[in-house]
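What follows is one structure encoded as structure tokens, with my remarks underneath.
None of the values given here were measured: they were computed from a predicted structure.
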Amino acid sequence: MHNLAKRPLFLILGMYFIANGLFFIFHDNYFKWPPQLAPIENDDLFGGLFVLAGIGILIVKTLPELRRFEPYVFGGASIIQMFLAIIEFMHMIKLGMNMPWIPNLYIALIIPVLASRSDVK
């Protein structure tokens, strides 16, 4: 917990991923396009990936012996966040739905910066 107290941005990032994942788990009709992928995008597994990424971020930043896994956790979190930003951007273009793709893009791009500034040696 001491590491998270020193770097609260990682705590916020982990909680963001957990909250986002729970949102996707409980909202089964959030994504509508493309129709062929909507069942996969709305599946609870998609939200579960976000929850696992959030828990992973909190664990690797809390336990010093797991620091060697930080690049994998942050890389996976960045990939699923970028995937979310692309899906939401395509929803906006194709369906005209107002979706928060820009903040998700910023978060996806800031994760590698946070990972590079992390204390992994």
When you compare the side chain of [Y] with that of [X], does any pair of heavy atoms fall below 4.5 Å?
X	Y	value
Phe74	Lys61	yes
Asn104	Met82	no
Asn98	Met92	no
Ile80	Phe17	yes
Leu58	Leu13	no
Phe83	Ile79	no

Search all heavy atoms of Ser78 against all heavy atoms of Ala108 and return the closest pair with its distance.
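Closest approach of Ser78 to Ala108, heavy atoms only: OG-O, 3.0 Å.
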
Mind listing the side-chain donor-acceptor pairs of residues 46-54 below 3.5 Å, one per line with the distance, residues two or more places apart or on another chain?
none

Reported [atom1]-to-[atom2] distance for the pair [X] and [Y], which is rounded to 0.5 angstrom:
X	Y	atom1	atom2	answer
Glu65	Arg67	CD	CZ	9.0 Å
Ile86	Trp101	CD1	CH2	10.5 Å
Glu70	Ile59	CD	CD1	12.5 Å

Got a list of side-chain donor-acceptor pairs under 3.5 Å for residues 25-39, not counting sequence neighbours?
{"unit_1": "His27", "atom_1": "ND1", "unit_2": "Phe23", "atom_2": "O", "d": "2.9"}
{"unit_1": "Tyr30", "atom_1": "OH", "unit_2": "Glu88", "atom_2": "OE2", "d": "3.0"}
{"unit_1": "Lys32", "atom_1": "NZ", "unit_2": "Asn29", "atom_2": "O", "d": "2.9"}

Determine, using the 4.5 Å side-chain heavy-atom cutoff (strictly less than), whether [X] and [Y] are members of one ILVMFWY cluster.
X	Y	value
Ile12	Ile55	no
Ile87	Ile40	no
Leu9	Leu109	yes

Do Met99 and Met90 pass the side chain to side chain contact (heavy atoms under 4.5 Å, CB included) test, and can you show the C-alpha distance, the side-chain angles, and the key distance before you say yes or no?
CA-CA 10 Å; Met99 298 193 107; Met90 296 308 293; over 6 Å; no

Ring center gap for Phe10 and Tyr16 short of 6.0 angstrom:
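No.
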
